[in-house]
Novice: 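Here you go, one structure.
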2 protein chains.
Amino acid sequence: MAEYECGRLDKRRDAIIAAARDLFIKNGYERTTLGQVVEQAGGSLATIYKLFENKDGLLSAVVFESAASSELLIQKAVAGSSDPATILHRLARDLRDSFLSNEVLALVRVVIARSVSDVDFARRFYEKTASSTRTSLQDLFEHWQREGRTMSSTPFVLTETFLSMFLGDTHKEAITHGAAPQLSPEELDARTDLFLRGAGLL
Amino acid sequence: MAEYECGRLDKRRDAIIAAARDLFIKNGYERTTLGQVVEQAGGSLATIYKLFENKDGLLSAVVFESAASSELLIQKAVAGSSDPATILHRLARDLRDSFLSNEVLALVRVVIARSVSDVDFARRFYEKTASSTRTSLQDLFEHWQREGRTMSSTPFVLTETFLSMFLGDTHKEAITHGAAPQLSPEELDARTDLFLRGAGLL
DNA sequence: GAAATGGCGTAATGAGCATTGCACGTGAAG
DNA sequence: CTTCACGTGCAATGCTCATTACGCCATTTC
């Protein structure tokens, strides 16, 4: 029975998370009621409380299930070439593509809203996602340094600079809802070139 | 009577805004009740509704009264020197100093929380503050261009890049509550140098 | 000093929703 | 077929505020 049990509950769990994710994206966390989640997912309020403790727990489950680190993008970019310029151009474009879809932005907004008012959530989220992206990227710069490439600054500064540019775009877009201007793909490339030149990698 | 009236109400208005600002900074917007505001400012609920329509109106008043554009910082930096490198180093440090105090960060968090869930507020706020900072900075790059300085990219791209680095720091800090690493003053200078080199201004 | 204007204080009002408790029905196991 | 467990559905239960209504007091004007 235990096996079946698990299967049944897991299906419910998945359905609830999917519905919650959908509603959070569409209406935001605060404006989503657990009633709506139940309505869309089936099941019952009691089940949500059994599975997730409370509404906050549901949010955590949704967010930590959806949010991936961008380590994978870095690996893909590294696999495609060994030239720093090519790798970083590729990475810049991939980051942009994966973070600037409306769905991801809506989820980012939910995370931001929560982070801003809940220090603990903010820290946990950062550790789970941005932190490992940071580390991977810094490893990459350190690797290049060991290979004998000269760079104009420390791997730490380069990492922070690159990320502040590219993740900053996401934050800005999420916060301003498109009131701030965006870079076109060509301008994005120009900015990456600016970084490369500044870093001494071009 | 009209004059006196005005003076009395204005004092109340100032006290209410100061108290609200204080409480928003300390506890955030959602967690601040109008009751607390009245308790701290004196006056009465009815007065708040007369002056600000509702809680949202009070938030707008607080935020738009507190938030200044950074145009002034740009003007100060420009007044101090005519060398782009010096100006931008100065500006970078000034921006950091004015945006990384705990009080300003707390206010930024309030604005972010609101912006994320209220498109209209986000747009209005952007127009009132960031937009004019953007414009001033872009004017500066265009000015240098007209002076015959060669730069590696368009004024638009340079502006976006510079701002995404420096305002991005503020966003990141506000959102992560210090979980993300910060640049030391020397590292900040290194990053500015990176920008200058990348921009062809060094 | 009397009248009027308008702020003050308090006490409803009421909505919105998370959270809980309980009685029912449906699935699996013997 | 029966039984038991466990999800389900529904219907309270609170609670927290924003928002409103109203009678009182102070200050100003004539």
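Side chains included, hydrogens not; waters and symmetry mates left out as well; all remaining heavy atoms used. Only a predicted model underlies this, so the values are computations on that prediction, with no experimental measurement involved. Throughout, a chain's letter reflects where its sequence line sits, starting with A, and its residues are numbered from 1.
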Novice: At 4.0 Å (heavy atoms only), tell me whether A:Gly42 reaches a base, stays on the sugar-phosphate, or touches nothing.
Specialist: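 Contact class for A:Gly42: none.
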
Novice: Give a yes/no verdict on a cation-pi contact between A:Arg134 and A:Tyr126, requiring under 6.0 Å between NZ or CZ and the six-membered ring centre and an angle within 45° of the axis.
Specialist: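 Relative to the ring axis of A:Tyr126, which defines the angle, A:Arg134 lies outside at least one limit.
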
Novice: Without decimals, in angstroms, what is the distance between B:Gln36 CD and D:dA18 P?
Specialist: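 Going from B:Gln36 (CD) to D:dA18 (P), I get 9 Å.
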
Novice: If we ignore hydrogens and angles and just use 3.5 Å, is the side chain of B:Thr192 paired with the main-chain N or O of B:Leu188 as donor and acceptor?
Specialist: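 Yes, the answer is positive, given that a donor and an acceptor are paired below the 3.5 Å cut-off.
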
Novice: Rounded to the nearest angstrom, tell me the gap between atom CG in B:Leu59 and atom C1' in D:dA18.
Specialist: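 Checked: the CG to C1' distance equals 15 Å.
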
Novice: Look at the aromatic rings of B:Phe162 and B:Phe195 and report parallel, tilted or perpendicular, splitting at 30° and 60°.
Specialist: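 Geometry flag for B:Phe195 against B:Phe162: perpendicular rings.
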
Novice: Enumerate the residue pairs fulfilling salt bridge (charged side-chain N to carboxylate O under 4.0 Å, His left out) with a member in residues 43-59 of chain A, sequence neighbours excluded, ordered by first and then second residue.
Specialist: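 Found A:Asp56-A:Arg114.
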
Novice: If you draw a 6.0 Å radius around CG in B:Asn102, do more than 12 non-hydrogen atoms from other residues or ligands fall strictly inside?
Specialist: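 No.
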
Novice: Would you indicate which nucleotide in D:dG7, C:dG9, C:dG7 comes nearest to any side-chain atom of B:Lys50?
Specialist: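 Ranking D:dG7, C:dG9, C:dG7 by closest atom to the B:Lys50 side chain puts C:dG7 first.
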
Novice: Side-chain donor-acceptor pairs under 3.5 Å in residues 20-27 of chain B, sequence neighbours left out?
Specialist:
residue : atom : partner  : partner atom : Å
B:Arg21 : NH1  : B:Ser66  : OG           : 2.9
B:Arg21 : NH2  : B:Glu103 : OE2          : 2.4
B:Asp22 : OD2  : B:Gln40  : NE2          : 3.0

Novice: Give the B/S/- string for nucleotides 17-23 of chain C, one per nucleotide from 5' to 3', where a protein heavy atom under 4.0 Å of the base yields B, of only the sugar-phosphate yields S, and otherwise -.
Specialist: SSBB---

